[in-house]
Amino acid sequence: MQRAGLVRSGTGSEDNLEKDMARYQHVEHTFEPVYDIHSKVLVLGTFPSVKSREQNFYYGHPQNRFWKVLAHLTKEPLPGTTEEKKALLLKHQIAVWDVIQSCDIIGSSDSSIRNVVPADIPGILKGSSIKSIFANGDKAYRLYQKYCRDAAGMEAVKLPSTSPANAVFTLERLTEAWGILLPAGGEMQG
């Protein structure tokens, strides 16, 4: 029952939409891919999390298991600094980048990503020896398929996400699934 003189200006869902719109930020990817001419595999994430943007490097959230998985696979100590992480990647001929160069996003929520400008994946392929592309999770895979696959001319393999949001996968299960990244022995051969 409505009282005379009171008019509702919108529904709850319209109010929520307006609140969501206000939380979106347009964000640019601010750090470079890690690769060199010897890189043979490329691991693609979606877009840096808030923590990664704060640290200005990949997989910066302390609960993300990316670096733990790579340390297990390569039988290397867990890298702590950005320089140690870069050295680990390059030693094992692994390139790392993200599918998205810029987008509108709420915090670190991959599900909120919109207005995507894809990264220049063909550029990194031309400057390296990359033969395989791996997507870190379903969202990275779907974004690669939609925005980058045709330009890159390569298929990507979807791996389970190392994100803490993927709690279904233990570190052991992730490491097993990610084992296809490197050949037996844990180090790429030139």
Side-chain angles (χ1 to χ4, degrees), residues 27-103 105 108 110 117-137 139-141 143-144 147-148 152 154 156-166 169 171 174-190:
V27 184
E28 297 280 334
H29 202 302
T30 57
F31 43 96
E32 296 297 316
V34 177
Y35 73 102
D36 65 17
I37 191 69
H38 305 291
S39 298
K40 293 193 176 175
V41 299
L42 172 60
V43 176
L44 291 171
T46 52
F47 191 74
S49 68
V50 170
K51 285 289 186 196
S52 293
R53 295 191 304 261
E54 287 171 359
Q55 294 179 17
N56 206 35
F57 200 66
Y58 300 92
Y59 304 105
H61 191 288
Q63 301 303 311
N64 192 301
R65 295 157 301 166
F66 180 80
W67 297 110
K68 290 178 184 174
V69 167
L70 280 189
H72 278 85
L73 289 176
T74 60
K75 299 173 179 53
E76 299 277 357
L78 182 65
T81 67
T82 296
E83 290 310 311
E84 289 171 347
K85 292 171 182 177
K86 286 180 182 179
L88 173 69
L89 293 168
L90 296 176
K91 177 180 179 182
H92 294 280
Q93 301 170 332
I94 302 168
V96 174
W97 207 11
D98 289 309
V99 175
I100 298 173
Q101 181 60 43
S102 70
C103 66
I105 189 169
S108 299
D110 281 357
V117 174
D120 179 21
I121 304 300
I124 195 174
L125 297 177
K126 288 177 188 166
S128 67
S129 302
I130 292 170
K131 302 289 183 238
S132 302
I133 298 175
F134 296 89
N136 187 349
K139 186 70 170 190
Y141 177 78
L143 289 167
Y144 176 82
Y147 294 106
C148 303
M154 291 180 73
V157 175
K158 179 173 57 172
L159 294 173
S161 175
T162 59
S163 165
N166 185 16
F169 272 78
L171 180 59
L174 278 174
T175 303
E176 183 179 323
W178 277 68
I180 64 170
L181 191 71
L182 301 176
E187 188 166 342
M188 292 283 194
Q189 302 300 318

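One is the number of the first residue; the rest follow in order along the sequence. The analysis underlying the following values was restricted to heavy atoms, covering all of them including side chains, and did not include hydrogens, waters or symmetry mates.
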Q: Answer whether the closest heavy-atom distance between the side chains of Ile37 and Ser128 falls below 4.5 Å.
A: no
Q.
So which atom in Cys148 and which in Ala119 form the shortest heavy-atom distance, rounded to 0.1 Å?
A. SG-O, 4.3 Å
Q: Supply the atom-to-atom distance Lys40 NZ to Leu182 CG, rounded to the nearest 0.5 angstrom.
A: 11.5 Å
Q. Do Phe57 and Lys86 pass the side chain to side chain contact (heavy atoms under 4.5 Å, CB included) test, and can you show the C-alpha distance, the side-chain angles, and the key distance before you say yes or no?
A. CA-CA 10 Å; Phe57 200 66; Lys86 286 180 182 179; 3.6 Å; yes
Q.
I'd like to know if the side chain of Trp178 and the backbone of Pro160 have a donor-acceptor N/O pair within less than 3.5 Å.
A. yes
Q) Leu89 and Trp67: side chain to side chain contact (heavy atoms under 4.5 Å, CB included), yes or no, with the steps? A) CA-CA 10 Å; Leu89 293 168; Trp67 297 110; 3.6 Å; yes
Q. Does the side chain of Trp97 come within less than 4.5 Å of Asp120's, by heavy atoms?
A. yes
Q: Look up atom OG1 in Thr74 and atom NE2 in His92, then write down how far apart they are to the nearest 0.5 Å.
A: 4.0 Å
Q: Could you check if a side-chain atom of Val69 sits within less than 4.5 angstrom of a side-chain atom of Leu181, using non-hydrogen atoms only?
A: no
Q.
Is there a side chain to side chain contact (heavy atoms under 4.5 Å, CB included) between Val43 and Leu159? Walk through the geometry before answering.
A. CA-CA 9 Å; Val43 176; Leu159 294 173; 5.9 Å; no
Q | Where His72 and Thr175 come nearest, the two heavy atoms and their spacing | A | CB-CG2, 3.8 Å
Q: Check whether any side-chain N or O of Asp36 sits under 3.5 Å from a backbone N or O of Leu90 as a donor-acceptor pair, and report yes or no.
A: no
Q. Is a side-chain N or O of His61 found less than 3.5 angstrom from the main chain of Gln63, in a donor-acceptor match?
A. yes
(Q) If you compare all heavy atoms of Glu76 against all heavy atoms of Lys91, which two are closest, and at what distance to 0.1 Å? (A) OE2-NZ, 2.7 Å
Q) Any idea which heavy atoms bring Ala140 and Leu44 closest together, and the distance? A) CB-O, 3.6 Å
Q.
Would you compute the distance between atom OG of Ser161 and atom CG of Asn136 and round it to the nearest 0.5 angstrom?
A. 5.0 Å
Q: Count the heavy atoms of every other residue, nucleotide or ligand shown that sit under 6.0 Å from CD of Glu176, and state whether that count exceeds 12.
A: no
**Q.** Partners passing ring pair (Phe, Tyr, Trp, His ring centres under 6.0 Å) against Tyr141 (at least two apart in sequence or in another chain)
**A.** none
(Q) Pair Tyr35, Leu42 - check side chain to side chain contact (heavy atoms under 4.5 Å, CB included), show working. (A) CA-CA 8 Å; Tyr35 73 102; Leu42 172 60; over 6 Å; no
**Q.** Inter-residue atom distance Leu70.CG - Lys75.NZ, 0.5 Å rounding
**A.** 12.5 Å
(Q) If you compare all heavy atoms of Asp98 against all heavy atoms of Ile121, which two are closest, and at what distance to 0.1 Å? (A) O-CD1, 4.1 Å
Q) Quick one: does Thr162's side chain have a donor or acceptor within less than 3.5 Å of a partner on Arg65's backbone? A) no
Q. Should the pair Tyr58 and Phe31 be assigned to parallel (<30°), tilted (30 to 60°) or perpendicular (>60°) ring geometry?
A. perpendicular
Q.
Could you report the tightest heavy-atom contact between Ala95 and Ile130, atom names first, then the distance?
A. CB-CD1, 3.9 Å
Q. Got a second to check how far Ile100's CD1 is from Thr46's OG1, nearest 0.5 Å?
A. 5.5 Å
Q | Atom pair CD (Glu32) and CG (Asn56), whose distance is rounded to the nearest 0.5 Å | A | 9.5 Å
Q: Using atom types as modelled and distance alone, determine if a side-chain donor or acceptor of Ser52 lies under 3.5 Å from a backbone N or O of Tyr59.
A: yes
